[in-house]
Amino acid sequence: MKRIKINRLTEYDTSLGQVLIKGWVRTRRDAKGFSFMEINDGSCLDNIQVVADSQLSNYTDIQGITTGSAVAVTGALVPSPGKGQKWEIQAAVVEIISLAPETYPLQKKRHTDEFLRTIAHLRPRTNKYGAAFRIRSEMVQAIHRFYREKGFYYLTSPVITGSDCEGAGEMFRVTSLDPAQVAKQGKLDFSKDFFGQVANLTVSGQLSAEMFALALGDVYTFGPTFRAENSNTSRHVAEFWMLEPEMAFCDLSGNMDHGEELVKFLVTHALDACGRDLDLFFKFVDKDLPKRLEILASKTFERMSYTEAIKILEKSGKKFEYPVEFGIDLQSEHERFLAEEYVKKPVFLYDYPKTIKPFYMRINDDNTTVAAVDLLVPGIGELIGGSQREERLDVLESRMEEMGMDKEPYWWYLDSRRYGSVPHAGFGLGFERFLMMITGIKNIRDVIPFPRTPGSIDF
RNA sequence: UCCCCAGUAGCUCAGUUGGCAGAGCAAUUGGCUGUUAACCAAUGGGUCCGCGGUUCAAGUCCGUGCUGGGGAGCCA
């Protein structure tokens, strides 16, 4: 008999003949003449109740089935006479695939997130984490679908890069040199290293994406990125996934249009496709979540220039820990005030001072700001950071000189401005932060399967 | 990296002025029951985070290290 998954089973509205399910026992209760088992197979949040009659030949063994054990059950899907579930399976055969000993760490009761992090290999077996990781999978596929439908090409940008030029933070070094040898010699000779020069894990696929946008038109990269920053917060991990669209013949305004369309599509899709799993987060994780998702899906995002934002902050009468003046990099408290108290919905801030932004962002006509944009979401903070890129070779080169950069390693990047340069723009969206927004989960370590943070790389 | 808080049974926690190590849940065993995070009873279970110090005596006080959490910075 062909196995059927529980998420399909619950779609039926009439009794079925014999079905075969396979899964893990969440709980088992004995009654007189019966044993009741809740089986979950990971396909959805719901368990299916199996009723095993004492007439079954292996009933004694069935009574020894523990929480966490794996079973295969053949039986008829029938309406349940008990309360709490519509259907149950009247077992004809219960095959015990493997028993979990009493050391199985997951209780039927709720566990803390901190404890579950110490057993990250088992936490997807819980309701909450099972739901979170099904939603994560659904969102990955929705991203690909969105871009496919818009005619973007998917660029798999390299994970190992030869330059540290992306300027987005500390990098992890990649080397095949023997640390013991290096220690003995007391110096590093990268010309002897695998690549003949310094190599690092990528901090961004943007520069690659720009090259391909100027060839294939609209592209996106979506993959792991790495930051060796010693950041110990609930919003940072050393390895995370980033989505980076890059569009040729696109300006800053088009970039914002695209960001808004993307976020709205993904939120709408989540509400549509993950309703059952999302309900768990609505009920038990974040009571404000339904309202926040509703706003994201339906309300037009605000757009405000940095200069305007500074004026609003100055006039707010609020006492900020970090004083406000033109030229500062906005702090968490400033961003929170703007998104949560002032506009009360997602807001794009654009045209930041060039002094606080990287070299590749396009200089505006005022020669003091650049065409940068951040999307601030209430309760979340910065979700998207992007810019229109500087496409004018002479302007780009003089900016790099101004910033004291060595142009030589960027010869290929500058080539793109030399041959058929066009206006183009793009942004980065932190996928885990997006998932925090969708689920209401407060710690980034809980939306990624096996989090990597300073001092911690178990699993 | 900085500031704050915490670490006691498998889990969540209590532990008074320094004086015999506790509860609930889980586990095990038995009972009851178309059960619903079942229920009732009994039993087992401890490097009180590590190291050092003060003291007749330290889970409790002091120093230090480690781990976890919250916040800040950096950023996505």
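First the proteins, then the strands, lettered A, B, ... as listed; each starts at 1.
Between the side chain of A:S231 and the base of B:C74, at least one donor-acceptor pair of N or O atoms lies under 3.5 Å.
Pairing for B:A23 is with B:U12, a Watson-Crick or G-U wobble pair whose two hydrogen-bonding atom distances lie under 3.5 Å. Of all nucleotides present, only B:G71 satisfies the Watson-Crick or G-U wobble test against B:C2, with each distance under 3.5 Å. For B:G34, there is no paired base (Watson-Crick or G-U wobble, both distances below 3.5 Å).
The nearest whole Å value for the distance from the CD atom in A:Q331 to the P atom in B:G71 is 16 Å. Rounded to whole Å, atom C1' of B:C75 lies 14 Å from atom CG of A:L330. Atom-to-atom, CD1 of A:I356 to P of B:C74 comes out at 10 Å; the value is rounded to the nearest Å. Look at CE on A:M171: it is 16 Å from C1' on B:C74, rounded to the nearest Å. In this structure, CE of A:M37 is placed 16 Å from C1' of B:A38, rounded to the nearest angstrom. A straight line from CZ of A:F34 to P of B:C32 spans 16 Å, rounded to a whole angstrom. We find that CZ of A:R28 is positioned 11 Å from P of B:A27, with the value rounded to whole Å. Between the CG atom of A:N40 and the P atom of B:A37 there is a distance of 15 Å, given to the nearest Å.
In A:K442, the NZ atom is crowded: over 12 heavy atoms of neighbouring residues, nucleotides or ligands sit closer than 6.0 Å. The environment of OH in A:Y342 is sparse: at most 12 heavy-atom neighbours from other residues, nucleotides or ligands sit within 6.0 Å. Applying the 6.0 Å contact sphere to OH of A:Y129 captures more than 12 heavy atoms from other residues, nucleotides or ligands.
The ring pair (Phe, Tyr, Trp, His ring centres under 6.0 Å) check on A:H334 picks up A:F320, with sequence neighbours excluded. Residues forming a ring pair (Phe, Tyr, Trp, His ring centres under 6.0 Å) with A:H258 (at least two apart in sequence, or on another chain): A:F146, A:Y147, A:F152, A:F427. Qualifying ring pair (Phe, Tyr, Trp, His ring centres under 6.0 Å) partners for A:F282, counting only residues two or more places apart in sequence or in other chains: none. Considering only residues two or more places apart in sequence or on other chains, A:T112 meets the side-chain contact (heavy atoms from CB on, under 4.5 Å) condition with A:E114, A:F115.
Atom P of B:U60 sits at a distance of 15 Å from the matching atom of B:U54, rounded to the whole Å. Rounded to whole Å, the C1' atom of B:G50 lies 16 Å from the corresponding atom of B:A58. When the P atom is compared between B:U64 and B:U43, the two are found 45 Å apart, to the nearest whole Å. Comparing the P positions of B:A14 and B:A72 gives an interatomic distance of 26 Å, to the nearest angstrom. Taking atom P on both nucleotides, B:C39 is separated from B:C51 by 40 Å, rounded to a whole Å. For the C1' atoms, the distance linking B:G44 with B:G53 amounts to 37 Å, nearest Å. Between B:A9 and B:A23, the distance separating the two P atoms is 13 Å to the nearest Å. B:A37 and B:C75: their C1' atoms are spaced 41 Å apart (whole Å).
Listed nucleotides: B:G70, B:A72, B:U35. Nearest to the side chain of A:R235: B:A72. Considering only the side chain of A:K32, B:U33 comes nearest among B:A72, B:U33, B:U36. Checking B:U35, B:A38, B:C74 against every side-chain atom of A:E229, the shortest atom distance belongs to B:C74.
Residue contacts shown for A:G82 include a base, since a base heavy atom lies under 4.0 Å away. Using a 4.0 Å heavy-atom criterion, one finds that A:E239 contacts no nucleic acid atom at all. A:Q49 comes within 4.0 angstrom of a base, heavy atoms only. Within 4.0 Å of A:L383, counting heavy atoms only, lie sugar-phosphate atoms of the nucleic acid but no base atom. A:D30 comes within contact range of at least one nucleobase, with a heavy-atom separation under 4.0 Å.
Of the two residues contacting RNA chain B, namely A:E333 and A:E88, the nearest-nucleotide position lying further toward the 5' end is that of A:E88.
Applying the side chain to side chain donor-acceptor pair (under 3.5 Å) rule to pairs touching residues 134-146 of chain A yields A:R134-A:D277, A:R136-A:E432, A:E138-A:H269, A:H144-A:Y220, A:R145-A:E149, sequence neighbours excluded.
By the 30° and 60° cut-offs, the orientation of the rings of A:Y306 relative to A:Y352 is tilted.
For B:G70, the OP1/OP2 oxygens have a side-chain nitrogen or oxygen of A:N443 closer than 4.0 Å. Proximity of A:R29 to the phosphate of B:U36: no side-chain N or O atom is located under 4.0 Å from OP1 or OP2. Within the structure, a side-chain polar atom (N or O) of A:S332 is placed less than 4.0 Å from OP1 or OP2 of B:G73. Checking the phosphate oxygens (OP1, OP2) of B:A38, a side-chain nitrogen or oxygen of A:T27 falls inside 4.0 Å.
Ion pair A:E261/A:K150 flagged as a salt bridge, since at least one NZ, NE, NH1 or NH2 atom sits closer than 4.0 Å to an Asp/Glu carboxylate oxygen.
Sorted by residue number, the members of residues 101-123 of chain A with any non-hydrogen atom under 4.0 Å from RNA chain B read A:E102, A:Q107, A:K108, A:K109, A:R110, A:H111, A:T112, A:E114, A:F115, A:R117.
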